[in-house]
Amino acid sequence: MKLTWHDTLDIAIELSEKYPDEDVQYIRFTDLHRYVCELDGFDDDPNKSNEAILEAIQMAWLEELD
């Protein structure tokens, strides 16, 4: 499955599996951006992200942990 910036929930699930010990609440957006771009299956332009998208991914990741 190819992931794009709009697949926030799927990205969050992948991130929670790949980085189980990450303190998601305090993650820097620069690190989050890099983590997303490094995911297997991520296939989107890295320059298409923005703060709102990264925040949505962060919130979905936090919900995934609960």
Legend entry - Sub-4.5 Å side-chain heavy-atom contact between Ile11 and Thr4: no

Legend entry - Listed partners of Asp31 passing side chain to side chain donor-acceptor pair (under 3.5 Å), at least two apart: Arg28, Arg34

Supply the atom-to-atom distance [X] [atom1] to [Y] [atom2], rounded to the nearest 0.5 angstrom.
X: Glu14; Y: Lys18; atom1: CD; atom2: NZ; value: 9.0 Å
X: Leu65; Y: Gln25; atom1: CG; atom2: CD; value: 10.5 Å
X: Leu54; Y: Gln58; atom1: CG; atom2: CD; value: 9.0 Å

Inset, instruction - Evaluate whether atom CD of Glu51 has more than 12 neighbouring non-hydrogen atoms of other residues, nucleotides or ligands under 6.0 angstrom away. - result: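 Not buried by this count: 12 neighbours or fewer within 6.0 Å.
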
Inset, instruction - Give the ring-plane orientation class for Tyr35 versus Tyr19, where under 30° counts as parallel, over 60° as perpendicular and anything between as tilted. - result: parallel

Inset, instruction - Kindly give the cluster partners of Ile13, where membership spreads through any ILVMFWY side chain lying under 4.5 Å from a current member. - result: Leu9

Using residues 42-49 as the side-chain source, report each donor-acceptor pair under 3.5 Å to any protein atom, sequence neighbours left out, with the distance given to one decimal.
unit_1 : atom_1 : unit_2 : atom_2 : d
Asp44  : OD2    : Trp5   : N      : 3.1
Asp45  : OD1    : Asn47  : N      : 2.9
Ser49  : OG     : His33  : NE2    : 3.3

Inset, instruction - Could you pull out the closest heavy-atom pair between Ala60 and Thr8, with the gap in Å? - result: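 In this case the closest contact between Ala60 and Thr8 is CB-O, 4.1 Å.
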
Legend entry - Asp66 side-chain N/O to Glu63 backbone N/O, donor-acceptor pair under 3.5 Å: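 Side chain of Asp66 to backbone of Glu63: no pair is present.
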
Inset, instruction - Give a yes or no on whether the backbone of Ile53 and the side-chain of Asn50 come within a donor-acceptor separation of less than 3.5 Å. - result: yes

